[in-house]
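Heads up, the thing below is written out as structure tokens.
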2 protein chains.
Amino acid sequence: MQMHSTALRESPSRKTKPRIAVVPDAPVAGLFNLMGAPLAFGRNEEVYGEGEPAEYLYTVVSGCVRTSKILNDGRRQIGAFYMPGDIFGLEAGNEHSFSAEALAPTTVRIIKRAALASRAVCDSATASQLLALTAVELQRTQARVLLLIKSAQERVAGFLMEMASRNAASEIELPMSRQDIADYLGLTIETVSRTLTHFENICAIALPTSRRIVLRNRSALARLNA
Amino acid sequence: MQMHSTALRESPSRKTKPRIAVVPDAPVAGLFNLMGAPLAFGRNEEVYGEGEPAEYLYTVVSGCVRTSKILNDGRRQIGAFYMPGDIFGLEAGNEHSFSAEALAPTTVRIIKRAALASRAVCDSATASQLLALTAVELQRTQARVLLLIKSAQERVAGFLMEMASRNAASEIELPMSRQDIADYLGLTIETVSRTLTHFENICAIALPTSRRIVLRNRSALARLNA
DNA sequence: CGCGACGTTGAGAGGTTTCAACGGATGTGG
DNA sequence: CCACATCCGTTGAAACCTCTCAACGTCGCG
């Protein structure tokens, strides 16, 4: 059994107290007119836990959320990263198969699943939006599978491209730690770090800060991504 | 770039001519009352191709289907294996992102997506079945991600458990080649082969034939699966 | 200043791939 | 019916990649 990852290095902190966020509406599906008031979470604060009943759907207003799961051997698997406008909390069953934590100070808005479900029964627009949401999630997960069968370089390059595609800009501010990236890509923190400095050495990227990445040569990255 | 996989070793054959299958209804969602007459495909015959418009949904009546995709570097990625009762052809967009081929002589039944979509607008039962179908697909893909971050042994063990869970019996007849398994798990054919013989050596399985696998010690496999 | 969380770098061990050869099963043609 | 070609699966040895263990550097903060 190879492939080490974090075993709960994160200390769940509840330092940040909930506050009301003043942020323009993110580009979410129309059904989120039904959303309640914004909720705020501090860094590493848990939005919901694995195994809890999945009562709500969430949309990120500001900040960033990761979903994760601890395997029985202690390794951690990241489900996904959600940026402003993204919706998470969707589940096939009635309870969450991942837990969700805020990567940074984050505000989300919630909607009751039950309300959505009952609405979907008569309102086909709501139903099709739910379907579309699930389909998008499926597509992302399939893209992830495509990454995971590749080499470390390709995985990291693919990850950078994915992050860049959300920002449009060529400079990315990563909200997650190296450990998060490693657990997301099924690599170790050291391999991620080494790969990034390798990319810097071949001038594909620049690393002004460890959390800030400038894409110098996108086509080179795309080539590495194969 | 590590990790070699097949580059189109299969020769698409159209030897088998379509015939009518006489098989009891598989345990599929109720909406498949709308299904057309059974269609038959021969070994390695293509059901649909990547990039083609996704006009139909399919359900496997007998046989087995794999979905696959050729990456631009020639490697092949298997999307999934579909057994009798399974439904495939679901797509987020309007065209297939994978191609589908019969692994063995196979019969499927089809339904027009457009018909389903228009029906879903007024019939919320149909809509929720579609949603459930997509959710199941999502869950399977997430399970796949969980496998892919693990070691070769764990992947193969997990694959065997997955196959066994569909058969209930402790003896599995694999419809797919070693290469298919390798491409599904992101490993090489040699690693898959070696891992299987290793499992045989530790008496976790028996291999009467290369395609036939007897599970001798499920808990040992589950442990390897971690 | 010193501590702790985070990130980088190095060296060695281990796992998986690569390249190669072999054996068995299947199907075809003589 | 047998010889042969082909496909599929297995096995071996060496190269390569990633992990593991360890040390060091940086940053923010009490």
Side-chain angles (χ1 to χ4, degrees), chain A residues 1-13 15 43-44 73-75 103-104 147-157 174-183 185-201 205-213 224 226, chain B residues 1-13 15 42-44 73-75 103-104 147-157 174-183 185-201 205 207-213 224 226:
Chain A
M1 176 189 328
Q2 210 165 270
M3 208 160 278
H4 163 273
S5 62
T6 0
L8 300 162
R9 277 190 213 169
E10 328 277 339
S11 52
S13 65
K15 297 169 196 170
R43 185 179 148 78
N44 286 329
D73 63 352
R75 284 178 296 186
L103 278 171
L147 263 194
L148 290 179
I149 64 168
K150 300 188 191 172
S151 70
Q153 275 203 16
E154 293 171 306
R155 290 188 219 186
V156 175
L174 294 179
M176 72 288 284
S177 70
R178 293 287 188 271
Q179 187 66 60
D180 288 328
I181 300 175
D183 290 347
L185 297 177
L187 298 171
T188 58
I189 186 177
E190 294 95 334
T191 300
V192 171
S193 184
R194 273 188 257 266
T195 306
L196 284 175
T197 60
H198 172 66
F199 286 169
E200 191 177 25
N201 288 338
I205 64 171
L207 285 162
T209 309
S210 67
R211 295 288 183 105
R212 180 169 292 280
I213 296 186
L224 286 170
Chain B
M1 177 190 333
Q2 210 164 272
M3 207 161 278
H4 163 276
S5 63
T6 1
L8 298 162
R9 277 189 211 168
E10 329 276 337
S11 52
S13 65
K15 296 167 193 169
R43 186 178 146 78
N44 286 329
D73 62 354
R75 283 178 297 186
L103 278 172
L147 264 194
L148 290 179
I149 65 167
K150 299 187 190 171
S151 70
Q153 275 203 15
E154 294 171 305
R155 291 188 221 186
V156 175
L174 295 178
M176 71 289 285
S177 70
R178 293 286 186 273
Q179 186 67 60
D180 287 329
I181 300 174
D183 290 347
L185 296 177
L187 297 171
T188 59
I189 186 177
E190 292 95 334
T191 300
V192 171
S193 184
R194 273 187 257 266
T195 305
L196 285 175
T197 59
H198 172 65
F199 287 168
E200 192 176 24
N201 289 338
I205 63 171
L207 286 162
T209 309
S210 65
R211 294 288 183 106
R212 181 170 291 278
I213 296 185
L224 286 170

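Naming: A, B, ... by sequence-line order, numbering from 1 per chain. This is a predicted model, so every value here is computed, not measured.
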[X] has an atom [atom1]; how far is it from atom [atom2] of [N], in whole Å?
| X | N | atom1 | atom2 | answer |
| --- | --- | --- | --- | --- |
| B/Glu200 | D/dG9 | CD | C1' | 13 Å |
| B/Glu190 | C/dG15 | CD | C1' | 14 Å |
| B/Met176 | D/dC8 | CE | P | 15 Å |
| A/Ile181 | C/dC6 | CD1 | P | 13 Å |
| A/Ile189 | C/dA5 | CD1 | P | 13 Å |
| A/Gln179 | D/dC19 | CD | P | 12 Å |
| B/Leu187 | D/dT10 | CG | P | 14 Å |
| B/Arg178 | C/dA25 | CZ | C1' | 14 Å |

**Asked** Which nucleotide sits closest to the side chain of B/Ser151: C/dT16, C/dG7, D/dT10?
**Response** C/dT16
**Message:** Checking contacts here: which listed nucleotide (D/dG9, C/dT16, C/dT9) is nearest the side-chain heavy atoms of A/Thr197?
**Reply:** C/dT9
**Asked** Given side chains that start at C-beta, do those of A/Ser177 and A/Arg211 come closer than 4.5 Å, heavy atoms only?
**Response** yes
**Min side-chain heavy-atom separation B/Arg155-B/Thr195 under 4.5 Å** = no
**Prompt:** Considering heavy-atom distances to DNA chain C, does A/Arg211 or A/Arg194 have its closest nucleotide positioned more toward the 5' end?
**Reply:**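 Its nucleotide being nearer the 5' end, the pick is A/Arg211.
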**Message:** For a quick check of understanding: with a heavy-atom distance under 4.0 Å over all strands, which category does B/Thr191 fall into, base, sugar-phosphate or nothing?
**Reply:**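 Touches a base.
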**Asked** Taking the side chain from A/Thr209 and the backbone from A/Arg212, do they hold a donor-acceptor pair closer than 3.5 Å?
**Response** no
**Prompt:** Does B/Ser193 reach the main-chain N or O of B/Ile189 with its side chain, forming a donor-acceptor pair under 3.5 Å?
**Reply:**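 Looks like no, no N/O pair under 3.5 Å.
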